Amino acid sequence: MLQIINIRENKEDVLKRLSIKNFKDAETIINDILELDNIRKITQKKGDDIKAESNSCSKQIGDLMKSGKKLEADALKIKTADLKITEKLIDDQLNQIELKLNNLLVTVPNTPNLNVPAGKVPEDNEVILEHGEKPTLYSNAKPHWELTSKYDIIDFELGVKLTGSGFPVYKGKGARLQRALINFFLDRATSNGYNEVQPPILVNEESGYGTGQLPDKEGQMYHASIDNLYLIPTAEVPITNIYRDVILKETDLPIKNCGYTPCFRREAGSYGKDVRGLNRLHQFDKVEIVQITHPNQSYKILEDMLDYVASLLKELGLPFRILKLCGGDMSFSSALTYDLEVWSAAQSKWLEVSSVSNFETFQTNRLKCRYKDANGKSQLAHSLNGSALALPRIVAALLENNQSQEGIKIPDVLIPYCGFNIID
RNA sequence: GGAGAAAUGGCAGAGCGGUCUAAUGCGGCAGUCUUGAAAACUGUUGUGGGUUAUACCACCGGGGGUUCGAAUCCCUCUUUCUCCGCCA
(Lines give C-alpha, C1' and ligand atoms only; values in the text may rest on other atoms or scores of the structure.)
Protein backbone atom coordinates (compact mmCIF):
# COMPACT_ATOMS: atom_id res chain seq x y z
CA MET A 1 0.00 0.00 0.00
CA LEU A 2 1.31 3.43 -0.93
CA GLN A 3 1.98 5.87 1.88
CA ILE A 4 -0.62 8.59 2.00
CA ILE A 5 2.04 11.11 2.91
CA ASN A 6 3.92 10.26 -0.26
CA ILE A 7 0.81 10.71 -2.39
CA ARG A 8 0.14 14.00 -0.67
CA GLU A 9 3.64 15.38 -1.14
CA ASN A 10 4.64 13.88 -4.49
CA LYS A 11 1.40 13.59 -6.38
CA GLU A 12 2.85 14.30 -9.83
CA ASP A 13 5.65 11.82 -9.38
CA VAL A 14 3.22 9.14 -8.17
CA LEU A 15 1.00 9.68 -11.22
CA LYS A 16 3.98 9.55 -13.57
CA ARG A 17 5.09 6.25 -12.09
CA LEU A 18 1.64 4.74 -12.05
CA SER A 19 1.38 5.44 -15.77
CA ILE A 20 4.34 3.09 -16.30
CA LYS A 21 2.21 0.38 -14.76
CA ASN A 22 -0.73 1.24 -17.01
CA PHE A 23 -2.88 1.79 -13.96
CA LYS A 24 -6.27 2.92 -15.23
CA ASP A 25 -7.99 6.00 -13.81
CA ALA A 26 -4.91 6.81 -11.74
CA GLU A 27 -5.62 10.51 -11.65
CA THR A 28 -9.25 10.11 -10.56
CA ILE A 29 -8.41 7.63 -7.84
CA ILE A 30 -5.47 9.64 -6.55
CA ASN A 31 -7.59 12.78 -6.44
CA ASP A 32 -10.33 10.90 -4.60
CA ILE A 33 -7.77 9.65 -2.11
CA LEU A 34 -6.40 13.12 -1.49
CA GLU A 35 -9.86 14.56 -1.07
CA LEU A 36 -10.89 11.82 1.35
CA ASP A 37 -7.66 12.31 3.26
CA ASN A 38 -8.49 15.96 3.61
CA ILE A 39 -12.01 15.22 4.82
CA ARG A 40 -10.53 12.69 7.18
CA LYS A 41 -8.27 15.28 8.75
CA ILE A 42 -11.06 17.82 9.16
CA THR A 43 -13.45 15.25 10.60
CA GLN A 44 -10.87 13.93 12.99
CA LYS A 45 -10.06 17.42 14.21
CA LYS A 46 -13.76 18.05 14.82
CA GLY A 47 -14.05 14.80 16.79
CA ASP A 48 -10.87 15.47 18.75
CA ASP A 49 -12.10 18.89 19.80
CA ILE A 50 -15.36 17.49 21.08
CA LYS A 51 -13.53 14.74 22.91
CA ALA A 52 -11.26 17.32 24.49
CA GLU A 53 -14.29 19.26 25.67
CA SER A 54 -16.07 16.25 27.09
CA ASN A 55 -12.87 15.08 28.76
CA SER A 56 -12.58 18.40 30.52
CA CYS A 57 -16.26 18.31 31.50
CA SER A 58 -15.80 14.87 33.02
CA LYS A 59 -12.90 16.18 35.04
CA GLN A 60 -14.98 19.10 36.28
CA ILE A 61 -17.82 16.77 37.23
CA GLY A 62 -15.39 14.74 39.26
CA ASP A 63 -14.18 17.85 41.09
CA LEU A 64 -17.71 19.09 41.71
CA MET A 65 -18.82 15.72 43.08
CA LYS A 66 -15.85 15.68 45.40
CA SER A 67 -16.67 19.09 46.79
CA GLY A 68 -20.31 18.10 47.18
CA LYS A 69 -21.79 20.41 44.54
CA LYS A 70 -24.15 17.80 43.20
CA LEU A 71 -26.57 20.16 41.43
CA GLU A 72 -23.83 21.81 39.40
CA ALA A 73 -22.46 18.40 38.53
CA ASP A 74 -25.85 17.25 37.27
CA ALA A 75 -26.14 20.33 35.08
CA LEU A 76 -22.80 19.54 33.50
CA LYS A 77 -23.85 15.93 32.97
CA ILE A 78 -26.69 17.09 30.76
CA LYS A 79 -24.28 19.11 28.67
CA THR A 80 -21.93 16.15 28.32
CA ALA A 81 -24.75 13.94 27.19
CA ASP A 82 -25.24 16.24 24.19
CA LEU A 83 -21.55 16.16 23.44
CA LYS A 84 -21.65 12.39 23.54
CA ILE A 85 -24.28 12.26 20.83
CA THR A 86 -22.25 14.48 18.50
CA GLU A 87 -19.12 12.57 19.35
CA LYS A 88 -20.68 9.27 18.36
CA LEU A 89 -21.96 10.77 15.13
CA ILE A 90 -18.56 12.12 14.14
CA ASP A 91 -16.83 8.88 15.11
CA ASP A 92 -19.13 6.95 12.82
CA GLN A 93 -18.45 9.40 10.03
CA LEU A 94 -14.73 9.13 10.60
CA ASN A 95 -14.83 5.34 10.54
CA GLN A 96 -16.67 5.37 7.24
CA ILE A 97 -14.24 7.86 5.75
CA GLU A 98 -11.26 5.82 6.88
CA LEU A 99 -12.78 2.64 5.52
CA LYS A 100 -13.46 4.27 2.16
CA LEU A 101 -9.97 5.74 2.07
CA ASN A 102 -8.39 2.41 2.86
CA ASN A 103 -10.52 0.61 0.29
CA LEU A 104 -9.27 3.05 -2.33
CA LEU A 105 -5.65 2.88 -1.21
CA VAL A 106 -5.48 -0.90 -1.49
CA THR A 107 -6.54 -0.73 -5.14
CA VAL A 108 -3.49 1.34 -6.10
CA PRO A 109 -0.48 -0.71 -7.22
CA ASN A 110 3.05 0.08 -6.16
CA THR A 111 4.80 2.89 -7.97
CA PRO A 112 7.49 1.36 -10.18
CA ASN A 113 11.09 2.40 -10.21
CA LEU A 114 11.79 4.83 -13.07
CA ASN A 115 14.05 2.24 -14.74
CA VAL A 116 11.09 -0.05 -15.34
CA PRO A 117 10.48 -0.30 -19.06
CA ALA A 118 7.09 0.89 -20.27
CA GLY A 119 5.04 -1.84 -21.86
CA LYS A 120 1.90 -3.86 -21.45
CA VAL A 121 2.59 -7.49 -22.33
CA PRO A 122 5.31 -10.05 -21.56
CA GLU A 123 6.84 -9.40 -25.01
CA ASP A 124 7.72 -5.89 -23.77
CA ASN A 125 9.97 -7.25 -21.03
CA GLU A 126 13.60 -6.36 -21.49
CA VAL A 127 16.09 -9.22 -21.86
CA ILE A 128 19.15 -8.03 -20.00
CA LEU A 129 21.25 -11.19 -20.09
CA GLU A 130 21.29 -14.57 -21.76
CA HIS A 131 23.69 -17.15 -20.40
CA GLY A 132 24.73 -20.66 -21.43
CA GLU A 133 24.40 -22.82 -24.54
CA LYS A 134 21.06 -24.29 -25.46
CA PRO A 135 21.70 -28.04 -25.80
CA THR A 136 21.11 -29.87 -29.03
CA LEU A 137 18.99 -32.91 -28.34
CA TYR A 138 19.13 -36.25 -30.10
CA SER A 139 16.40 -37.05 -32.56
CA ASN A 140 13.84 -38.82 -30.39
CA ALA A 141 14.29 -36.65 -27.30
CA LYS A 142 11.18 -36.36 -25.16
CA PRO A 143 9.41 -33.63 -23.20
CA HIS A 144 9.75 -34.05 -19.45
CA TRP A 145 6.25 -35.45 -18.92
CA GLU A 146 7.20 -38.44 -21.04
CA LEU A 147 10.59 -38.84 -19.35
CA THR A 148 8.99 -38.86 -15.91
CA SER A 149 6.84 -41.87 -16.78
CA LYS A 150 9.58 -43.58 -18.80
CA TYR A 151 11.84 -43.59 -15.72
CA ASP A 152 8.93 -43.80 -13.27
CA ILE A 153 10.07 -40.83 -11.19
CA ILE A 154 7.01 -38.57 -11.15
CA ASP A 155 3.46 -39.92 -11.32
CA PHE A 156 0.85 -37.38 -12.36
CA GLU A 157 -2.04 -39.84 -12.61
CA LEU A 158 -1.44 -41.15 -9.12
CA GLY A 159 -1.63 -37.56 -7.85
CA VAL A 160 -5.00 -37.21 -9.58
CA LYS A 161 -6.19 -40.30 -7.73
CA LEU A 162 -5.02 -38.98 -4.36
CA THR A 163 -5.92 -35.33 -4.75
CA GLY A 164 -6.52 -33.98 -8.23
CA SER A 165 -4.58 -32.66 -11.19
CA GLY A 166 -1.54 -30.57 -10.37
CA PHE A 167 -0.53 -32.64 -7.33
CA PRO A 168 2.09 -35.05 -8.64
CA VAL A 169 3.61 -37.91 -6.67
CA TYR A 170 7.41 -37.98 -6.78
CA LYS A 171 8.80 -41.49 -6.63
CA GLY A 172 12.19 -43.12 -6.16
CA LYS A 173 14.95 -41.09 -7.78
CA GLY A 174 12.39 -38.39 -8.53
CA ALA A 175 11.66 -37.95 -4.83
CA ARG A 176 15.35 -38.06 -4.02
CA LEU A 177 16.05 -35.40 -6.64
CA GLN A 178 13.49 -33.10 -4.99
CA ARG A 179 15.12 -33.53 -1.62
CA ALA A 180 18.55 -32.98 -3.17
CA LEU A 181 17.51 -29.71 -4.80
CA ILE A 182 15.93 -28.39 -1.61
CA ASN A 183 19.05 -29.16 0.40
CA PHE A 184 21.33 -27.76 -2.27
CA PHE A 185 19.39 -24.49 -2.41
CA LEU A 186 19.22 -24.14 1.36
CA ASP A 187 22.92 -24.89 1.79
CA ARG A 188 23.85 -22.28 -0.81
CA ALA A 189 21.54 -19.70 0.76
CA THR A 190 22.83 -20.21 4.28
CA SER A 191 26.44 -20.02 3.15
CA ASN A 192 25.50 -16.73 1.47
CA GLY A 193 24.45 -15.30 4.81
CA TYR A 194 20.75 -16.11 4.76
CA ASN A 195 19.26 -17.30 8.02
CA GLU A 196 17.17 -20.44 7.53
CA VAL A 197 13.63 -20.44 8.90
CA GLN A 198 10.92 -23.04 8.73
CA PRO A 199 7.61 -21.18 8.90
CA PRO A 200 4.03 -22.42 9.11
CA ILE A 201 2.46 -23.13 5.75
CA LEU A 202 -0.99 -22.09 6.92
CA VAL A 203 -1.40 -18.40 7.67
CA ASN A 204 -4.15 -16.22 9.06
CA GLU A 205 -5.92 -13.33 7.36
CA GLU A 206 -3.64 -10.67 8.85
CA SER A 207 -0.62 -12.30 7.23
CA GLY A 208 -2.38 -12.58 3.88
CA TYR A 209 -3.18 -8.91 4.12
CA GLY A 210 0.35 -7.96 5.20
CA THR A 211 2.03 -9.21 2.02
CA GLY A 212 -0.81 -8.17 -0.27
CA GLN A 213 -2.54 -11.47 -1.13
CA LEU A 214 -5.63 -10.20 0.66
CA PRO A 215 -7.95 -8.55 -0.09
CA ASP A 216 -8.53 -9.28 -3.77
CA LYS A 217 -6.45 -12.29 -4.57
CA GLU A 218 -8.07 -14.78 -2.21
CA GLY A 219 -9.12 -16.80 -5.28
CA GLN A 220 -5.47 -17.77 -5.75
CA MET A 221 -5.13 -19.32 -2.32
CA TYR A 222 -6.55 -22.47 -0.81
CA HIS A 223 -8.67 -21.62 2.18
CA ALA A 224 -9.23 -23.84 5.23
CA SER A 225 -12.57 -22.29 6.02
CA ILE A 226 -13.31 -23.98 9.36
CA ASP A 227 -10.31 -22.26 10.89
CA ASN A 228 -10.18 -19.35 8.43
CA LEU A 229 -6.58 -20.08 7.48
CA TYR A 230 -4.92 -19.94 4.07
CA LEU A 231 -2.39 -22.33 2.56
CA ILE A 232 0.57 -20.20 1.56
CA PRO A 233 1.18 -19.55 -2.15
CA THR A 234 4.82 -18.78 -1.33
CA ALA A 235 7.09 -18.71 1.73
CA GLU A 236 7.27 -14.95 1.20
CA VAL A 237 3.99 -14.67 3.10
CA PRO A 238 4.99 -16.14 6.47
CA ILE A 239 8.64 -15.09 6.29
CA THR A 240 7.90 -11.45 5.52
CA ASN A 241 5.09 -11.36 8.08
CA ILE A 242 7.60 -12.23 10.79
CA TYR A 243 8.34 -8.51 10.67
CA ARG A 244 4.74 -7.32 10.90
CA ASP A 245 4.36 -4.69 13.66
CA VAL A 246 8.06 -4.76 14.41
CA ILE A 247 10.39 -1.84 14.95
CA LEU A 248 13.94 -2.90 14.16
CA LYS A 249 17.26 -1.35 15.07
CA GLU A 250 18.98 0.30 12.16
CA THR A 251 22.00 -1.89 12.86
CA ASP A 252 19.88 -5.04 12.41
CA LEU A 253 19.54 -4.24 8.71
CA PRO A 254 19.70 -5.90 6.33
CA ILE A 255 17.89 -8.96 7.61
CA LYS A 256 18.40 -11.97 5.37
CA ASN A 257 16.12 -14.98 5.70
CA CYS A 258 15.58 -18.04 3.58
CA GLY A 259 13.20 -20.92 3.87
CA TYR A 260 11.92 -23.98 2.14
CA THR A 261 8.16 -24.58 2.00
CA PRO A 262 5.68 -26.31 -0.21
CA CYS A 263 3.57 -23.71 -2.02
CA PHE A 264 -0.09 -23.99 -2.94
CA ARG A 265 -1.79 -22.15 -5.77
CA ARG A 266 -5.28 -22.67 -7.06
CA GLU A 267 -4.35 -21.26 -10.49
CA ALA A 268 -8.00 -20.88 -11.31
CA GLY A 269 -8.45 -20.28 -15.01
CA SER A 270 -5.16 -21.77 -16.23
CA TYR A 271 -5.42 -24.41 -18.89
CA GLY A 272 -3.85 -25.77 -22.04
CA LYS A 273 -0.22 -26.40 -22.87
CA ASP A 274 1.10 -24.24 -20.04
CA VAL A 275 -0.17 -26.68 -17.43
CA ARG A 276 1.35 -29.75 -19.04
CA GLY A 277 3.54 -31.85 -16.74
CA LEU A 278 5.55 -29.79 -14.29
CA ASN A 279 4.93 -26.46 -15.99
CA ARG A 280 2.22 -25.33 -13.61
CA LEU A 281 1.18 -27.18 -10.45
CA HIS A 282 -1.18 -26.61 -7.55
CA GLN A 283 1.43 -27.78 -5.07
CA PHE A 284 5.15 -27.33 -5.55
CA ASP A 285 8.35 -26.88 -3.58
CA LYS A 286 10.31 -23.68 -3.41
CA VAL A 287 13.18 -22.14 -1.50
CA GLU A 288 12.61 -18.43 -0.99
CA ILE A 289 14.99 -15.64 0.01
CA VAL A 290 13.65 -12.57 1.78
CA GLN A 291 15.44 -9.41 2.88
CA ILE A 292 14.38 -6.47 5.00
CA THR A 293 16.69 -3.57 4.23
CA HIS A 294 17.49 0.07 4.75
CA PRO A 295 15.81 2.16 2.02
CA ASN A 296 19.08 3.40 0.59
CA GLN A 297 20.50 -0.14 0.26
CA SER A 298 17.58 -1.92 -1.31
CA TYR A 299 18.47 -1.51 -4.98
CA LYS A 300 22.04 -2.59 -4.44
CA ILE A 301 20.70 -5.60 -2.54
CA LEU A 302 18.24 -6.38 -5.32
CA GLU A 303 21.21 -6.74 -7.67
CA ASP A 304 23.00 -8.96 -5.14
CA MET A 305 19.96 -11.20 -4.91
CA LEU A 306 19.72 -11.39 -8.69
CA ASP A 307 23.38 -12.36 -8.95
CA TYR A 308 22.90 -14.96 -6.27
CA VAL A 309 19.96 -16.62 -8.02
CA ALA A 310 21.84 -16.54 -11.34
CA SER A 311 24.78 -18.26 -9.66
CA LEU A 312 22.53 -21.18 -8.73
CA LEU A 313 21.47 -21.65 -12.34
CA LYS A 314 25.10 -21.52 -13.45
CA GLU A 315 26.01 -24.21 -10.96
CA LEU A 316 23.19 -26.38 -12.23
CA GLY A 317 24.43 -25.83 -15.78
CA LEU A 318 21.08 -24.61 -17.07
CA PRO A 319 20.92 -22.06 -19.89
CA PHE A 320 18.96 -19.06 -18.64
CA ARG A 321 18.04 -15.50 -19.35
CA ILE A 322 17.21 -12.56 -17.14
CA LEU A 323 14.30 -10.26 -17.88
CA LYS A 324 13.57 -6.88 -16.44
CA LEU A 325 9.81 -6.86 -16.33
CA CYS A 326 7.88 -4.09 -18.00
CA GLY A 327 5.27 -2.07 -16.13
CA GLY A 328 2.38 -4.10 -17.48
CA ASP A 329 3.81 -7.50 -16.55
CA MET A 330 4.98 -6.61 -13.05
CA SER A 331 3.11 -7.71 -9.98
CA PHE A 332 0.83 -5.34 -8.14
CA SER A 333 3.17 -4.87 -5.17
CA SER A 334 6.52 -4.65 -6.90
CA ALA A 335 8.60 -1.59 -7.72
CA LEU A 336 11.12 -3.47 -9.83
CA THR A 337 11.17 -7.15 -10.77
CA TYR A 338 13.63 -9.39 -12.54
CA ASP A 339 12.48 -12.76 -13.82
CA LEU A 340 14.89 -15.61 -14.43
CA GLU A 341 13.88 -18.15 -17.04
CA VAL A 342 15.57 -21.46 -17.88
CA TRP A 343 15.63 -23.01 -21.31
CA SER A 344 13.54 -26.12 -21.57
CA ALA A 345 15.07 -27.88 -24.53
CA ALA A 346 12.39 -30.39 -25.50
CA GLN A 347 9.58 -27.89 -25.16
CA SER A 348 11.75 -25.27 -26.84
CA LYS A 349 10.68 -22.55 -24.50
CA TRP A 350 11.74 -20.43 -21.59
CA LEU A 351 10.30 -21.32 -18.19
CA GLU A 352 10.14 -18.82 -15.36
CA VAL A 353 11.90 -20.26 -12.30
CA SER A 354 12.48 -17.16 -10.23
CA SER A 355 11.17 -13.69 -9.74
CA VAL A 356 13.27 -11.25 -7.72
CA SER A 357 11.57 -8.07 -6.58
CA ASN A 358 12.03 -4.91 -4.59
CA PHE A 359 8.78 -3.84 -2.95
CA GLU A 360 10.29 -0.72 -1.38
CA THR A 361 7.80 0.35 1.32
CA PHE A 362 4.71 -1.13 -0.32
CA GLN A 363 4.61 -4.21 1.90
CA THR A 364 6.28 -2.69 4.96
CA ASN A 365 3.67 0.07 5.04
CA ARG A 366 0.94 -2.51 5.49
CA LEU A 367 3.11 -4.63 7.75
CA LYS A 368 4.18 -1.63 9.83
CA CYS A 369 7.73 -2.89 9.62
CA ARG A 370 10.00 -0.03 10.62
CA TYR A 371 13.43 0.77 11.92
CA LYS A 372 14.68 3.58 14.13
CA ASP A 373 16.90 5.99 12.26
CA ALA A 374 19.81 7.94 13.73
CA ASN A 375 17.41 10.63 15.01
CA GLY A 376 15.30 8.04 16.79
CA LYS A 377 12.48 8.38 14.27
CA SER A 378 10.61 5.35 12.94
CA GLN A 379 11.02 4.83 9.22
CA LEU A 380 9.55 2.17 6.97
CA ALA A 381 12.10 -0.43 5.89
CA HIS A 382 12.21 -1.90 2.39
CA SER A 383 11.29 -5.52 1.70
CA LEU A 384 12.61 -7.72 -1.09
CA ASN A 385 12.24 -11.33 -2.05
CA GLY A 386 13.16 -13.85 -4.65
CA SER A 387 12.70 -17.49 -5.50
CA ALA A 388 15.92 -19.39 -5.06
CA LEU A 389 14.51 -21.48 -6.59
CA ALA A 390 11.16 -22.99 -7.54
CA LEU A 391 11.67 -26.69 -8.13
CA PRO A 392 9.27 -28.07 -10.75
CA ARG A 393 10.47 -26.12 -13.77
CA ILE A 394 14.09 -26.63 -12.73
CA VAL A 395 13.38 -30.35 -12.71
CA ALA A 396 11.63 -30.09 -16.08
CA ALA A 397 14.63 -28.34 -17.61
CA LEU A 398 17.14 -30.72 -15.99
CA LEU A 399 15.27 -33.74 -17.31
CA GLU A 400 14.86 -32.40 -20.81
CA ASN A 401 18.27 -30.76 -21.26
CA ASN A 402 20.30 -33.57 -19.73
CA GLN A 403 18.60 -36.53 -21.42
CA SER A 404 20.52 -38.94 -23.61
CA GLN A 405 20.16 -42.52 -24.82
CA GLU A 406 21.76 -43.67 -21.55
CA GLY A 407 19.48 -41.74 -19.24
CA ILE A 408 19.34 -38.39 -17.50
CA LYS A 409 22.61 -37.02 -16.26
CA ILE A 410 22.61 -35.36 -12.83
CA PRO A 411 24.63 -32.10 -12.60
CA ASP A 412 27.86 -32.53 -10.65
CA VAL A 413 26.82 -30.21 -7.81
CA LEU A 414 23.78 -32.38 -7.09
CA ILE A 415 25.49 -35.77 -7.12
CA PRO A 416 26.55 -35.60 -3.45
CA TYR A 417 23.00 -34.66 -2.54
CA CYS A 418 21.34 -37.31 -4.74
CA GLY A 419 23.69 -40.18 -4.17
CA PHE A 420 23.46 -41.15 -7.87
CA ASN A 421 24.70 -39.55 -11.10
CA ILE A 422 22.17 -40.77 -13.62
CA ILE A 423 18.49 -41.54 -13.79
CA ASP A 424 18.03 -44.62 -15.95
C1' G B 1 -12.19 -31.41 23.95
C1' G B 2 -13.32 -30.17 29.65
C1' A B 3 -12.17 -27.10 34.27
C1' G B 4 -9.59 -22.98 36.38
C1' A B 5 -6.17 -18.57 36.24
C1' A B 6 -4.16 -14.66 33.56
C1' A B 7 -2.94 -10.74 29.46
C1' U B 8 -0.37 -3.34 31.57
C1' G B 9 5.40 0.53 28.18
C1' G B 10 12.06 -3.07 25.58
C1' C B 11 11.66 -6.50 30.16
C1' A B 12 9.83 -7.28 35.24
C1' G B 13 5.77 -5.43 37.88
C1' A B 14 2.04 -1.94 40.76
C1' G B 15 -2.65 0.12 39.81
C1' C B 16 -9.02 -2.86 40.55
C1' G B 17 -14.32 3.77 38.80
C1' G B 18 -12.18 10.47 38.79
C1' U B 19 -4.58 14.64 39.41
C1' C B 20 -3.26 7.30 35.16
C1' U B 21 -0.51 13.08 31.60
C1' A B 22 0.38 4.59 34.25
C1' A B 23 4.09 4.01 40.35
C1' U B 24 8.63 1.36 41.09
C1' G B 25 12.81 -1.61 39.46
C1' C B 26 15.87 -3.34 35.39
C1' G B 27 17.53 -2.28 30.57
C1' G B 28 18.55 1.74 26.62
C1' C B 29 20.28 6.83 25.56
C1' A B 30 22.68 11.62 27.12
C1' G B 31 25.48 14.12 30.83
C1' U B 32 28.62 14.74 35.57
C1' C B 33 32.89 12.35 37.74
C1' U B 34 37.35 9.44 35.39
C1' U B 35 43.54 9.05 31.57
C1' G B 36 39.67 5.41 29.92
C1' A B 37 36.07 2.08 31.81
C1' A B 38 33.07 0.42 35.93
C1' A B 39 30.37 2.26 40.07
C1' A B 40 27.63 6.40 41.77
C1' C B 41 24.70 10.63 40.68
C1' U B 42 21.50 13.77 37.25
C1' G B 43 18.39 13.92 33.19
C1' U B 44 15.90 11.31 29.37
C1' U B 45 13.46 7.05 27.30
C1' G B 46 6.27 3.85 23.69
C1' U B 47 3.12 4.12 18.94
C1' G B 48 0.03 6.72 15.75
C1' G B 49 -3.01 11.13 14.30
C1' G B 50 -2.72 16.44 14.36
C1' U B 51 -0.09 21.54 14.57
C1' U B 52 4.70 26.35 11.65
C1' A B 53 5.20 25.12 16.82
C1' U B 54 2.44 24.41 21.13
C1' A B 55 -2.24 22.72 22.40
C1' C B 56 -5.11 18.61 21.59
C1' C B 57 -6.86 13.28 20.37
C1' A B 58 -6.43 7.82 20.38
C1' C B 59 -4.07 3.34 22.22
C1' C B 60 -3.12 -0.82 29.18
C1' G B 61 -4.31 -8.45 24.14
C1' G B 62 -8.77 -7.59 19.91
C1' G B 63 -13.99 -6.14 19.46
C1' G B 64 -18.49 -4.46 21.86
C1' G B 65 -21.18 -2.52 26.26
C1' U B 66 -22.30 0.14 31.22
C1' U B 67 -20.98 5.30 33.08
C1' C B 68 -20.70 12.36 32.91
C1' G B 69 -15.91 9.55 33.49
C1' A B 70 -12.97 2.72 32.38
C1' A B 71 -6.26 -0.02 32.63
C1' U B 72 -10.03 -0.71 36.58
C1' C B 73 -17.05 -3.05 35.99
C1' C B 74 -19.95 -6.36 32.22
C1' C B 75 -20.19 -9.36 27.48
C1' U B 76 -17.44 -11.67 23.63
C1' C B 77 -13.20 -13.32 20.87
C1' U B 78 -7.96 -14.46 20.80
C1' U B 79 -3.60 -15.92 23.18
C1' U B 80 -0.71 -17.80 27.40
C1' C B 81 -0.26 -20.74 31.94
C1' U B 82 -2.03 -24.87 35.38
C1' C B 83 -4.86 -29.43 35.81
C1' C B 84 -7.74 -33.45 33.23
C1' G B 85 -8.69 -36.11 28.58
C1' C B 86 -6.78 -37.40 23.68
C1' C B 87 -2.48 -37.83 20.69
C1' A B 88 2.67 -38.03 16.50
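Source: prediction; values computed, not measured. The chains referred to below are lettered A, B, ... by the order of the sequence lines, with proteins before strands, and numbering in each begins at 1.
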Separation of A:I33 CD1 from A:I7 CD1 (nearest 0.5 Å):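 Atom-to-atom, A:I7:CD1 and A:I33:CD1 are 4.5 Å apart.
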
For [N], give its Watson-Crick or G-U wobble partner with both distances under 3.5 Å, or none.
| N | result |
| --- | --- |
| B:C56 | B:G49 |
| B:U42 | B:A30 |
| B:A23 | none |

Spacing of the P atoms in B:G65 and B:C84 (rounded, Å): 41 Å

Pairwise C1' distance for B:A58 and B:U42, with rounding to whole Å: 33 Å

Among [options], which is the nearest nucleotide to the side chain of [X]?
| X | options | value |
| --- | --- | --- |
| A:K51 | B:G50, B:A58, B:C68 | B:A58 |
| A:S378 | B:C57, B:G50, B:U47 | B:U47 |
| A:T80 | B:C57, B:C68, B:U47 | B:C68 |
| A:K77 | B:C68, B:U51, B:A55 | B:C68 |
| A:A52 | B:U51, B:G18, B:C56 | B:C56 |
| A:Q44 | B:U47, B:G49, B:C68 | B:G49 |

Pairing of A:E315 and A:R188 as salt bridge, 4.0 angstrom limit: yes

Comparing A:I247 and A:K45 on RNA chain B - which has the more 5′ nearest nucleotide: A:I247

Residue whose nearest RNA chain B nucleotide is more 5′ - A:K372 or A:G62: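 Between the two, 5'-proximity favours A:G62.
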
Centroid separation A:H282 to A:F264 less than 6.0 Å: no

Please check the phosphate of [N] (OP1 and OP2 only) for any side-chain N or O of [X] closer than 4.0 Å.
| X | N | answer |
| --- | --- | --- |
| A:R40 | B:G50 | yes |
| A:R8 | B:G50 | yes |
| A:K84 | B:G69 | yes |
| A:N55 | B:C57 | yes |

Any side-chain donor near an acceptor of the partner, A:N296 and A:H382, under 3.5 Å: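 No, A:H382 and A:N296 have no side-chain donor paired with an acceptor closer than 3.5 Å.
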
Euclidean distance, atom CD of residue A:E87 to atom P of B:U67 [Å, nearest integer]: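 In whole Å, B:U67 P lies 14 Å from A:E87 CD.
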
Matching residue for A:R17 among A:L2, A:N10, A:T111, A:N110 - test: side chain to side chain contact (heavy atoms under 4.5 Å, CB included): A:T111

